[in-house]
Amino acid sequence: MACVYIPVQNSEEEVRVALDQLPRDASDILDILKAEQAPLDLWLIIAREYFKQGKIDQFRQILEEGSSPEIDDYYADVRYERIAILNALGAYYSYLGKIETKQREKEEHFILATQYYNKASRIDMHEPSTWVGKGQLLLAKGEVDQASAAFKIVLDGDRDNVPALLGQACVEFNRARFSDSLELYKRALQVYPNCPAAVRLGIGLCRYKLGQFEKARQAFERLDPENVEALVALAIMDLRTNEASGIRKGMVKMQRAFEIYPYCAMALNYLANHFFFTGQHFLVEQLTETALAVTNHGPTKSHSYYNLARSYHSKGDYEKAGLYYMASVKEVNKPHEFVFPYYGLGQVQLKLGDFRSALSNFEKVLEVYPDNCETIKSVGHIYVQLGQTDKGQEYMRKATKIDPRDAQAFLELGELLILSDTGAALDAFKTARTLFKKGGQEVPIELLNNIGVLQFERGEFELAQQTFKEALGDGIWLSFINDDKKSFVDTAASILQFKDMQLFHDLESNGHHVEVPWDKVTVLFNLARLLEQLNKSGTASVLYRLILFKYPDYIDAYLRLAAIAKARNNILLSIELVNDALKVNDKCPNALSMLGELELKNDDWVKAKETLRAASDATDGKDSYATLSLGNWNYFAAVRNEKRNPKLEATHLEKSKELYSRVLIQHSANLYAANGAGVVLAEKGHFDVSKDIFTQVQEAASGSVFVQMPDVWINLAHVYFAQGNFALAVKMYQNCLRKFYYNTDSQILLYLARTHYEAEQWQDCIKTLLRAIHLAPSNYTLRFDAGVAMQKFSASTLQKAKRTADEVRATVAELQNAVRIFSQLSAASNLHIHGFDEKKIDTHVGYCSHLLSAAKVHLEAAEREEQQIRQRQELARQVALAEDARRKAEEQRKYQLERRKQEDELKRVQQQEEHFKRVKHSFEQWKSTSKRRERSDDEDGGTNEKRRRKGGKRRKKDKHSKSRYDTEEIEGDMMDEQEIEEEDADTNYREPKTQMNDDDGGEENAQGLLAAAGLEDSDADDETPAAPSSTISRRRQALSESDDDEPLQRHSSPVGEDTAYMQDSDGEIRDRSKTNGDDASDDEKQN
Amino acid sequence: MKLSGLKSVDNAHDESLWAVTWVPATATRSPLLLTGSLDETVKLWKSDDLVLDRTNTGHCLGVASVAAHPLGSIAASSSLDSFVRVFDVDSNATIATLEAPPSEVWQLKFDPKGSLLAVAGGSSASVKLWDTNTWELVATLSIPRPEGPKPTDRSSSKKFVLSVAWSPDGKRLACGSMDGTLSVFDVVRAKFIHHLEGHHMPVRSLAYSPYDPRLLFSASDDAHVHMYDADGGSLVQAMSGHASWVLSVDVSPDGAAVATGSSDKTVRLWDLSMRAAVQTMSNHTDQVWGVAFRPPGGSDVRGGRLVSVSDDKSIALYDYS
């Protein structure tokens, strides 16, 4: 038992104090010490003993007493012991300061410590232990350089001062000069081989830092196996091997360290880390909390907070995780030291939607690890969330470059690219798929779905189908998809019953498992959509119904079924299906829009408008489709309004323009709105602007199977037509027909015919109309138009100045056809199968037959003339033959003469000619070409002139013929007059808004217009001047006519809208607006 | 079952070909091919080499349909000017010119026994039957007008009759109209039996199976081919696959396959046992207006033949096996 003996003053006796039985109250001892004036080293020993026993107060009490001014006075000559006491106090407060976490107290402790040391220094400037203490204090305060200076002072005095050596080693270690530090430790060890474990620990750590792991391990192993720090260090080294056995060994050591000393923060942290990975979060929290309680070392605390945060993070408690990450980050001075919490914090902030903070944290991580893929991806993701897509893409690209085997990165890159570059997106997705497959992972369904959709969009239907099937895998749907596997399902029978679910009930009752996993519904829908595109609408319908059978709220499936029904013209069923969709959600804008379109198709104008309004309201006017539909509605209304009120029409047009513009403001790239705006502009006569718009829209619309805009082609053609560029208009109409309609649209054929008509290509016009009739046999207006075209053709041929008998014969045949067509129409009129006025047709019949009889006269005349010409030609030929013979004889004579002359000349010039042969040759060439050019110029001029002359002649001739007709055919004209007036009434009536749609109107119109303009209208509509006087009653009559046939065209006009639901979410509008109207009206203006 | 191209003739007519049929073999010659076109002519071709035999004129406006008598001696053609011209196949002598104003004429078909000629009567909403001996109109099979308000121009145009087909026993006649409804008539009693529903767009071609007198096939603008139980009045199967209007349908003589021609420029062969398209021929560059299997019979018949005609002015002949 250790004891101290306090000598009793003035006696030989000593007071024995057993160190393990020190009194609880230090005052007792103090009294003795004071009373006996015990040597100061005894004070120190006793104080130290109290400290060892953890009786800090007593320790302090003794030392404070031992450093009091009285003592100083009394023991003035005992210097070393006084310094020792002061240094002990200094060290104590340094320690307190070091472990204190609160900044103010910490400083107070340091100040106290400094005071004690200073006091010690005042006693003896050169006492090395004071300097060592100061150095330690400065180290604790983090003032490494000053600490180094303090140690240096000591070492300068005594090279082998072990504490100073250790201090300096520590300084060097902190300065990351590990080799210097190592040297110092080594020296300390040499000087004092029995030095404390700390020295070997230091050596080990230095070695470790220097990367000499084996030596480090030896250093640690040389230490006491119970040494916690060494154990921890060894454990860490084991863990770092990153092998299962190493980790296990490390954890065993860690655990032993923990058992030996449960308050080693490092061990606690590592254990927590371990339990984090094993998922024992409760242990993690306990361990880290202990670690936090026992350490005040920044990096270690940071590590503990990080562990805690991670634990909460993985449990999904983002708030708490965020707080602890934040605490962890606060403990880290520089991100370089410990960057993980930044990453965690970034993740949590990202999760909580604080993108900017997350971004800055991730960027800090990138400063340390610029090539960290996960972080780059996160940053990219954040940029996307912040709307900076370009930057996002840049980062994603970087990520894929750094790690070309990261499927996830490719996936995200692909998703980013979808909007901007589908081709690149598809490539990225495909790479991701290959990587997933290579890695043996299951390819995510979403990825396959995206690939499929992109392939679909690019028109690679077969590939898309394969992809979708791959995504779907095995399931009940296979029995519907595979054509050849009709084993137990006869889908056919129920194909028409769009709402029939019996099929699936039967399947279930037959013991088949009808199941559609939630994550495959979208793929299934897309596949069905693809099948529709591949014209397998039957199978598509079954798949949609399968979706609805399992997920009756899937509105899009209803809408697609409705669209299929609509495509088959089954409007009622389609409306029923849309109403089913509306039962699920009566505010669904897509369904409402579709209902509106259907009602429009059903000619239910008012209802359609209400429905479209509702659709627009349901989205606060943000849904472009609904707004566009309303715009279209207004446009149609303007064009068709039965009252033909110019004011109303203007308001409607204005309104539609406003609606289109509104959509364009929201989505400047909306093709349909641009098309609509173009139409309105064209309607107002701004053809150049509208042409620009249409051309741009046309360009933009090419390239995706989801965007099919035949209307813009038609509109463009209309503009060309209106500007008189018939050849281009024809080309455009034909291309449109072929490209979008498989040549089946009789309406476009009608436009085409109209263009041919204007271009006076009668035969093309008639053939085109016949094709149209063949396509739409029940459209009688086409027949009427054909009749008109034939009539016009005949009349114009008959009025030609020169015509062959064949031409006249063809004319006669055509007239006979016209008569037949008109008389058939006339005969049919009382059956109410078409809406023409009987009288009007009769006048046409009359006129044509009249023309026919006239034509027969012409024919005879022409035939006679032809005969005469033939005779004359024969005569001329004979004369020419005789002349020829004479001339030939003459020529022969001349030739002989000439040749002789030439031969002479030839000889003469032969030499020069040879000399200049080459030059001359080229000259000749040049001359000949220039001559040719001249000639062609002449020709052009000539023909131009000729043409002009011809025109003039024709006009004259017209007048002539007119007068002749006037005189000859007054009676016929009288009859015609009435008809033409009617037609003109029609025309005038439509003047502000002529519609090519109303076919006959258009045709008649042209006639009337041309006539009105006084152009050489070869048709005998010479009475046109009378037109403006047409009476109101007649106008009414005409009106009722046109109204009658209007519905026919109206019926066909919204054809283009059928694909409105190409994509489920964003409704596209097949804007069916036409410029037709303005063509004609512009004609008027031009004329 | 397979189609393989044998021969094709480009520019067979000056304009689009709209109609085709086979003229059965007679004692003196093998089957001929009869085509009609927008160029107002009807042409006769020798199979298999498709050598032009003769060009018949005499029509105004385009030729919409052609039909041949089962005995092969006479044929008929209809055109847009609403005339039907009946002529002797070998001499081109006009036998009769038929018209029934004000109705138009569209598809023509002789009955299997050859005693009647059925003509789709367009807006008259009826099929006209002509006696092939006297060339007189013997019956008008009218589609009953829908009940309700007085007929308007719209409703009547919907019943515009485009196509006709005879059942193989000649007792039934089906016709297809613009609104997609099919009507079945009892020919003997000249009575309307029932409608067949399912299409809502024009039905331009109809064909009975020569094997099963109940089976009727229809081709419609809705891009579908329907198979009906014509007696039971129910839809058996709807076959989708064409991208655009189906313009023409014909059943193979063995009753196992159906061929269709479509606006999507293709000819499809459908296997009835699988009820699916087994082959798609795309040698035409424009709408295929007519397809026709060669009827069995004749001395030097080597095998099944299918012919198709198109807007691209060409004829294509296939071997069907």
Side-chain angles (χ1 to χ4, degrees), chain A residues 483-484 486 490 492-493 495-496 531-541 565 567-573 738 741-744 766-767 770-771 773-780 783 786 813-814 816-817 820-821 823-835 1044-1045 1047-1048 1051, chain B residues 15-16 18 38 60-62 64 80-83 101-104 106 122-125 150-154 156-158 160 162 178-180 197-202 220-224 226-227 235-245 262-265 274-277 286-287 289 311:
Chain A
D483 300 326
D484 40 297
K486 299 261 169 184
D490 190 8
I495 272 177
L496 280 180
L531 288 171
E532 262 188 84
Q533 191 73 27
L534 292 170
N535 306 311
K536 294 177 186 161
S537 53
T539 321
S541 147
R568 300 196 60 183
N569 207 20
N570 197 343
I571 305 297
L572 292 179
L573 177 62
R738 199 175 44 239
Y741 295 106
Y742 295 102
N743 288 339
T744 57
I766 293 167
K767 281 279 185 313
L770 288 178
R771 278 180 208 280
I773 295 171
H774 191 222
L775 288 170
S778 60
N779 187 344
Y780 283 89
R783 286 168 190 269
E814 218 57 286
Q816 277 166 341
N817 284 337
R820 176 146 178 90
I821 285 182
S823 37
Q824 269 186 336
L825 286 172
S826 162
S829 61
N830 42 11
L831 290 177
H832 297 285
I833 47 178
H834 56 70
D1044 278 346
D1045 51 39
L1048 280 177
H1051 209 65
Chain B
E15 286 286 347
S16 305
W18 282 351
L38 170 61
C60 295
L61 313 186
L80 293 189
D81 62 0
S82 305
F83 280 117
S103 76
E104 301 83 1
W106 289 94
S123 58
S124 66
K150 64 174 176 88
T152 64
D153 55 330
R154 278 179 74 197
S156 63
S157 77
K158 279 183 170 179
F160 192 105
L162 278 173
M178 282 298 280
D179 69 348
E197 313 261 341
H199 291 299
H200 291 85
M201 289 170 93
S220 165
D221 285 4
D222 63 13
H224 283 67
H226 282 184
M227 180 162 93
L235 175 66
V236 183
Q237 166 93 19
M239 297 184 281
S240 57
H242 277 300
S244 184
W245 301 359
S262 159
S263 286
D264 67 9
K265 308 172 191 173
M274 286 163 66
R275 295 179 175 179
D286 210 336
Q287 320 187 50
W289 276 106
D311 251 355

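Naming convention: chains lettered A, B, ... in sequence-line order (proteins, then strands); numbering from 1 in each chain.
Counting only N and O atoms by type, the side chains of A:Y742 and B:S262 include no donor and acceptor under 3.5 Å apart. Side-chain contact, A:Q824 with B:S82: a donor N or O sits under 3.5 Å from an acceptor N or O.
A 4.5 Å side-chain heavy-atom check between B:S123 and A:Y780 finds at least one atom pair inside the cut-off. Side-chain atoms of B:M201 and A:N570, non-hydrogen and from C-beta on, never get closer than 4.5 Å to each other. Taking the side chain as every heavy atom from C-beta outward, A:P777 and B:E104 never approach each other to under 4.5 Å. Side-chain contact between A:I821 and B:D81: absent, with no pair of heavy atoms (C-beta onward) separated by less than 4.5 Å. Inter-residue side-chain proximity for A:T744 and B:S244 is flagged as met; some heavy-atom pair is nearer than 4.5 Å. The side-chain heavy atoms of A:N817 and B:C60, taken from C-beta on, include a pair separated by under 4.5 Å. The shortest distance between side-chain heavy atoms of A:N535 and B:H242 does not fall below 4.5 Å.
Nearest heavy atoms, A:S778 versus B:M178: OG-CE, 3.2 Å. Residues B:Q287 and A:N743 approach most closely at NE2-O, 2.7 Å, considering heavy atoms. In this structure, B:S240 and A:S537 approach most closely via the heavy-atom pair OG-N, 3.4 Å.
Look at A:R771 and B:D311 and you find a salt bridge, because one of the NZ, NE, NH1 or NH2 atoms lies within 4.0 Å of a carboxylate O, short of that distance.
Looking at B:A243, the atoms closer than 4.5 Å to chain A (heavy atoms on both sides) sit in the backbone and in the side chain alike. With a 4.5 Å cut-off on non-hydrogen atoms, A:L775 touches chain B through its backbone and its side chain both. Using a 4.5 Å cut-off between heavy atoms, B:D286 touches chain A through its side chain atoms alone.
Taking chain A as the reference chain and counting heavy-atom pairs below 4.5 Å, the highest number among B:D221, B:L80, B:L162 is found for B:L80.
Summarising the geometry, atom CG belonging to A:N569 is positioned 12.5 Å from atom NE2 belonging to B:H199; distances are rounded to the nearest 0.5 Å.
Note on ring orientation: taking the six-membered ring where Trp is involved, the planes of A:H774 and B:W18 are parallel (angle under 30°, cut-offs 30° and 60°).
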